[in-house]
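Worksheet: the structure to be examined is printed underneath.
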Amino acid sequence: MTHFLLQCRLSCVVSWRVYALSILTFLSLNAFAQDDFKPKFGVVDRAAVEMTAFPGDSSAAAVYLYDFGEVTYRYDDIRGLVMVMESWIRIKILKESALDRASIAINTYEGSGPENQEMLDDIQGYTYNMENGQVVRTAMDRKSIKREKATGKYYAYKFNLANARKGSVIEYSYRRITPLTVRDKPAPWSFQASVPSKWSEFRITIPFFLEYKTTMSGYLPLYISEQEPTDVHFSLSKLNGRGVAYRFVVKDAPAFVNEPFITTESDYLSKVNFELSVIQVPGEISKHFSNTWDNVEKTLNEASWFGVELRKSSFLKAKRDEIMQTAKTPEEKMELAYRHLQSHMKWDGSSYLGSRDGVKKAYENKAGNATEVNLILTSLLRELDLNADPVILSTRSNGRFLKEIPLLESCNYVVSHVEIAGKEYFLDATQPYAKLGLLPEHALNSYGRLIPKKGAGRFLDIKPQDMQTRLEMVNANIQPEDGSVKGNYSISYAGYEALRWRDKYVKEPDDTYHEALKKRSPEWKISNIAVKNKSDDLKLAVNVACDFELEDENASGELFYFNPIMAGRWESNPLKSKERIYPLDFTSGMSESFIANYKLPAGYVLEEMPKAEMIMLPDKAGKFVYQVRQAGDVIQVNSTMVLSKTNFAPDEYHALQEFFERVVQKHAQPLVIKKKAN
């Protein structure tokens, strides 16, 4: 019975909107009044083959007509306890761009020995086309199935569905057999894909000796959610007994669109994930996999690749002594330690928990992963007698951090936390051009968990301490007679705008940014470009200035049309979807201002003063102010857009969409300069 001896480890669930925590207590929502759908493999209705466009989404290149998966368990003498996954997929191909869906590759894991090998069998497939007014079915040639080595111990089963073309319906099915020694949980089931799905169904029958926790995430409601007790039978009699059969269905799921202002796709897809909680085989094994945050902290503090490395700080004593001789306050100690690691260490770009070859070696090599860089920073801060601890978190691309589910593998990043006189600081020395306390945008993902040297840990809000700030200014003379605008332009980058600019241009030759500036405004003739504070003082903004000249070949001496928002103009609304079911995440707040003074020559006036605009989002979430004034022979233009809130719910989408649309409209509004009548 050694096949039941599954290793205990901390497992990963990446999901966000959790509305069920245990599949054993999942409430049944039996859909007595709802329509069911149970097609037959090898038989397709004529309407599906004749379909030329999907009514729910005319732009769809394909649509899942049926996406079905069912997991059961069985026991065999060679592999022990195995999961059996039956899959059945039926797809309508509407456009030629979706023909690649007729070429299928399915990966399997094949470790050493049959007890560590997945199997794939019973592969079948058909293609359906309209020919001479009839539905014609073409069976897949089973001899075309190829098994190829992928990477490591993974192999790929590849096959093509014959005669597939635009308008075809394709379907295929297969059985995957996975020993629990390979994987102890079903793969996550997603009810959504990059194309619409009419019917996505997942079933699982769980025997009495297994318990799973589940997280169901996403923003689509379950059309059917059923559970019922059932008998389970195995070739090994002691495993026979009762179980629970579950059925989950999502109907008419729209295509998942990677819309702007989200974290990562996995946070928004509607799906169900499983984690093994208990395995209890009579007379053999009783093992609980449930975890707590206290256990996570204990694991980390005792881990050779984390807590043990954090306590290896003797190599930092010389730097500690140097800082102690210079710094007079705790804040100065913190800043000098931070600046030292910023300049001494180079982040290799990788994000995962743990040190590979040890922090001392990373320090000597002046390079390491994010965990190594910030563990060294934390150790140095502790050597300076500061209250410093590491914080584990999940980066935006890795998915949401769930406080409710204590899983170590859901975290992939480390920053340092310092507390001085009741004030908290977050430090990340992987960013060479970030000012003290400015975490990189990829780390701004709601929460982190403090792993203290002593005592219990706690959750911390990971929120931006700065905004994306940009201020642009123009001072120019307008010459309607030759259609020219000549003057000077300046732009100031602060907060995350400054960090982005520095990351991109500090190490580049000046010409690189000069060319980028010219490409941004190709109609300008730019000269005398000057950049101040590229990286001298990271607390201050980057400032760029230049002279420019703009000529309109179609201008006349009587009337001169020009757009006064000469830089930083919002030319299109980033929120284009009519509806949105997902929340919006802007990472950090935004502040964009444009100020201009245009001097008119004698004999010219502004034909009509544009109406001033002021828009306020509810709860002071944002504002837009636009105003044009004339003082003597000078036209003054001021446009300010501030978004102070970073997260918006779906029901706030339309107000935000309208907000941006008004910005675009005002930024597109021209001014008309005319010659005074004699």
Query raised in the report: Where does the angle between the aromatic ring planes of Tyr172 and Phe159 fall among parallel (under 30°), tilted (30 to 60°) and perpendicular (over 60°)?
Result: perpendicular
Query raised in the report: Should the ring pair Phe248 and Phe202 be called parallel, tilted or perpendicular, given that the plane angle runs from 0 to 90° and is split at 30 and 60?
Result: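 Rings of Phe248 and Phe202: parallel, as their planes differ by under 30°.
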Does a side-chain heavy-atom distance below 4.5 Å link [X] with [Y]?
X: Asn445; Y: Leu393; result: no
X: Asp585; Y: Phe261; result: no
X: Glu118; Y: Arg183; result: yes
X: Tyr246; Y: Ile206; result: yes
X: Lys453; Y: Asp389; result: yes
X: Lys185; Y: Tyr212; result: yes
X: Trp293; Y: Ile405; result: no
X: Ile104; Y: Leu161; result: yes

Restricting to non-hydrogen atoms, name the atom on [X] and the atom on [Y] that form the minimum distance, rounded to 0.1 Å.
X: Ile392; Y: Phe401; value: O-CE1, 4.1 Å
X: Ala156; Y: Asn107; value: CB-OD1, 3.4 Å
X: Lys153; Y: Tyr109; value: CD-OH, 3.5 Å
X: Ser168; Y: Asn163; value: OG-O, 3.8 Å
X: Val232; Y: Leu239; value: CG2-O, 4.3 Å
X: Arg311; Y: Asn301; value: NH2-O, 3.0 Å

Would you say the side chains of [X] and [Y] form a donor-acceptor pair under 3.5 Å?
X: Asp122; Y: Gln124; value: yes
X: Glu372; Y: Ser355; value: yes
X: Ser197; Y: Asp67; value: no
X: Ser200; Y: Trp189; value: yes
X: Thr430; Y: Asp428; value: yes
X: Thr587; Y: Arg396; value: yes
X: Ser237; Y: Asn240; value: no
X: Asp461; Y: Tyr447; value: no

Requested in this report: Show your reasoning for whether salt bridge (charged side-chain N to carboxylate O under 4.0 Å, His left out) applies to Asp45 and Lys40.
Outcome: CA-CA 10 Å; Asp45 62 288; Lys40 183 178 180 180; over 6 Å; no
Side-chain ion pair, [X] and [Y], N-O less than 4.0 Å:
X: Glu86; Y: Arg176; answer: no
X: Arg247; Y: Asp36; answer: yes
X: Arg203; Y: Glu70; answer: no
X: Glu96; Y: Arg101; answer: no

Query raised in the report: Can you list the steps and then say if Glu404 with Lys213 is a salt bridge (charged side-chain N to carboxylate O under 4.0 Å, His left out)?
Result: CA-CA 12 Å; Glu404 299 85 355; Lys213 288 182 180 179; over 6 Å; no
For [X], does the [atom1] atom sit with more than 12 other heavy atoms under 6.0 Å from it, leaving out its own atoms?
X: Tyr154; atom1: OH; result: no
X: Glu50; atom1: CD; result: yes
X: Lys143; atom1: NZ; result: no
X: Lys251; atom1: NZ; result: yes

Taking atom [atom1] of [X] and atom [atom2] of [Y], what is their separation to the nearest 0.5 Å?
X: Asn160; Y: Lys146; atom1: CG; atom2: NZ; result: 8.5 Å
X: Tyr268; Y: Asn258; atom1: OH; atom2: CG; result: 9.5 Å
X: Lys361; Y: Lys312; atom1: NZ; atom2: NZ; result: 12.5 Å
X: Ile106; Y: Ile123; atom1: CD1; atom2: CD1; result: 5.5 Å

**Report entry** Axial cation check for Phe459 ring with Lys403, 6.0 Å and 45° limits
**Finding:**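 Judged by the rule, Lys403 and Phe459 form a cation-pi pair.
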**Report entry** Tyr126 six-ring centre to Arg137 NZ/CZ under 6.0 Å and within 45° of normal
**Finding:**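 Here Arg137 passes the 6.0 Å and 45° test against Tyr126.
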Is the backbone of [Y] close enough, under 3.5 Å, to the side chain of [X] for a donor and an acceptor to pair up by distance?
X: Asn116; Y: Ser112; answer: yes
X: Ser270; Y: Tyr219; answer: yes
X: Ser577; Y: Arg580; answer: no

Report task. Apply the test salt bridge (charged side-chain N to carboxylate O under 4.0 Å, His left out) to residues Arg356 and Glu309: give CA-CA distance (whole Å), side-chain angles for both, the deciding distance (0.1 Å), then the verdict. Result -> CA-CA 10 Å; Arg356 291 170 301 189; Glu309 289 295 325; over 6 Å; no
Requested in this report: Could you please spell out the steps behind the salt bridge (charged side-chain N to carboxylate O under 4.0 Å, His left out) verdict for Arg242 and Asp231?
Outcome: CA-CA 5 Å; Arg242 300 289 281 171; Asp231 292 324; 2.6 Å; yes
